[in-house]
Amino acid sequence: MLNVIIDNQSVQVEPGTTILQAAKKLGIKIPTLCAYQELNHFPGACRVCVTEVEGQRSLVASCVFPAANNMVVHTNTERVRMARRMVVELLLSNHPTECNHCIRNGNCELQKVAEVAGVREVRFPYPDFPKEDMIDTSSPSVVRDSRKCINCHRCVTVCEQVQTVNVLTPSWRGSDVKVSPAFDLPLLETNCIACGQCIMVCPVGALYEKDDVDKVWKALEDPTKHVVVQEAPAVRATLGEELGLPPGSLVTGKMIAALRRLGFDKVFDTNFAADLTILEEGTELLTRVKTGGKLPMITSCSPGWIKFCEHFYPDLLDHLSTCKSPQQMFGAMAKTYYAKTAGIDPKDIVVVSIMPCTAKKFECQRPEMCASGFRDVDYVLTTRELGRMIKEAGIDFVNLPDESFDAPMGEYTGAATIFGATGGVMEAALRTVYAVVTGGNLPDLNVTPVRGLDGVKEAALEVGDLGNVKVAVAHSMANARKILDKIRAGEADWAFIEFMTCPGGCIAGGGGPIPTTNEIRELRSLALYTDDCQVQEFRQSHENPSIKKAYETFLGEPNGEISHHLLHTHYTK
Ligand code: HC1
């Protein structure tokens with residue numbers, strides 16, 4: 001162990017520990033804009049974390065400078081404070097002064113660091129930014145404003161190492177260095193999977209979701225439109241953070257109340273469609289197993305993963321379940337089943353989704369997603385956008401009463417709600433597949449081997465006549481690659497695989513609250529598992545009374561003719 005003295009306090013650390021990490025152990029917070037512990041990203045790029053080390057002529061960047069035995073460090077001398085202030089001023093001098101209307105106003109790390117560093121003026125002239133050339137709005141999901149980029153390269157690391165997509169890279173040299181797709185292509189023309197994980201790590205407003213809030217306000221104010229809304233499983237466990245509640249708050253009832261106050265005509269739930277997905281997907285899996293169909297079958301509800309498969313593993317597309325995602329099943333059902341039940345012309349129905357996911361904005365615009373005869377889902381808002389709408393409407397969210405979903409597409413089971421955490425789709429599917437095959441319930445409905453934040457999880461289960469069924473779960477595309485490469489090599493003996501694009505699943509999707517850390521991921525997941533086992537009356541999708549009714553009165557049977565038309569699709573190379 002090394003003994004380091006920082007600001008007159010001693011701390012013992014392992015060799016290889018940086019000054020930044022050692023100071024953190026002492027509770028000393030050295031500001032930084034580029035370091036990101038969970039990504040193991042310490043590029044020493046921003047220089048905000050400078051400190052003074054006795055015996056060193058220059059100040060050092062504490063995020064990359066290794067601690068040494070008996071090293072004496074000062075993090076708060078006049079020299080350090082002046083240098084830090086200068087570094088922040090230089091960053092600000094090359095950054096648009098748009099704080100009061102920037103999307104990250106109030107949640108911007110540069111703003112916070114400027115405050116902490118005591119910056120009260122910027123002594124350098126601001127350049128004139130050619131706005132039109134520097135903002136890429138080509139993607140339906142992610143906007144890139146390179147005027148605001150501070151070259152921290154966190155987005156590069158997440159794109160390269162967590163998602164293995166490699167769209168965002170540093171280009172040019174020296175003071176011209178910037179982050180961009182190769183050849184400066186618009187995002188839409190690249191292999192971007194629209195996951196939005198770059199947004200989640202961006203310290204400033206250089207990356208953000210395509211804002212569709214005004215389109216939804218317009219629909220809500222149009223008296224000729226009947227506007228219905230669905231919310232993804234994860235939103236009930238994350239929306240509270242946008243509105244002042246701590247991570248892990250389950251806000252289902254308040255979310256419904258807020259949506260009613262915003263003016264939605266019906267407040268339905270994506271969870272209804274998640275239960276429907278389990279009936280369809282479970283039936284498809286059993287059919288594939290019994291008839292020698294393509295195995296392993298892979299879940300198809302995470303649209304970033306679908307795009308990843310299309311770009312990087314097109315030869316494996318026939319492993320995908322033909323089921324549409326719950327979001328898209330919901331849209332198709334809203335404009336057929338609900339339209340028929342309520343006697344409303346589907347052309348007058350507007351379907352809005354609230355999703356923790358930026359890729360859902362892309363998904364709803366896919367040409368395959370018009371089974372109802374109309375675009376099945378009209379607008380997708382992220383959790384952050386809904387948070388902004390609620391604030392704009394002056395709703396006192398925290399003090400709202402709990403309200404309930406509308407029928408006939410609002411009832412759901414615990415199996416549906418856990419879709420929002422990695423492993424949840426698999427657990428939900430296993431509960432129903434086991435019941436269909438054996439006629440009884442799983443001995444323990446909690447399938448714990450597929451829960452948690454391990455990158456790749458596996459389980460094996462005796463399922464009646466099917467024998468030993470092996471399954472696998474991965475979240476983030478770097479982890480999915482490990483499994484996909486085994487399938488390609490013919491080394492896969494799993495029957496069913498769940499992939500979720502974002503690390504931790506939808507509770508940490510690219511449209512959710514910032515910041516998101518592993519600790520926060522665990523709290524949000526726990527909220528969903530609590531909903532499953534303590535709040536919901538039913539915990540298995542096939543027990544949902546509203547789903548039974550939908551089959552009896554409209555769909556017929558799982559994987560039947562109507563289902564195939566409305567709820568299934570094929571992705572092609
Ligand atoms: Fe998801 Fe899904 S779980 S993809 O992560 O299958 O976004 O929450 O809505 O569609 O249900 C997201 C979440 C979500 C779909 C469901």
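Since this is a predicted model, take the numbers as computed values, not measurements. Counting convention: from 1, in listed order, for ligands and their atoms alike. Numbers here simply count residues along the sequence, with the first being 1.
A cation-pi contact, defined as under 6.0 Å to the ring centre and within 45° of the axis, links Arg451 to Tyr529. Annotation: cation-pi geometry satisfied between Arg236 and Tyr412 (NZ/CZ under 6.0 angstrom from ring centroid, within 45° of ring axis).
For Glu284, the salt bridge (Lys or Arg N to Asp or Glu O under 4.0 Å) partners at least two apart in sequence or on another chain are Arg288. Taking Arg488 as the reference, Asp315 meet the salt bridge (Lys or Arg N to Asp or Glu O under 4.0 Å) condition, with sequence neighbours excluded.
Shown here is Lys486, whose NZ atom has no more than 12 heavy atoms of other residues, nucleotides or ligands within 6.0 Å.
In summary, the atoms of ligand 1 found under 4.0 Å from a heavy atom of Ala274, numbered by their order in the structure, are 11 (O).
Within the structure, the ring pair (Phe, Tyr, Trp, His ring centres under 6.0 Å) test picks out the following pairs touching residues 245-288 (sequence neighbours left out): Phe268-Tyr338.
Within the protein, the number of N/O/S atoms found under 2.8 Å from atom 1 (Fe) of ligand 1 is 1.
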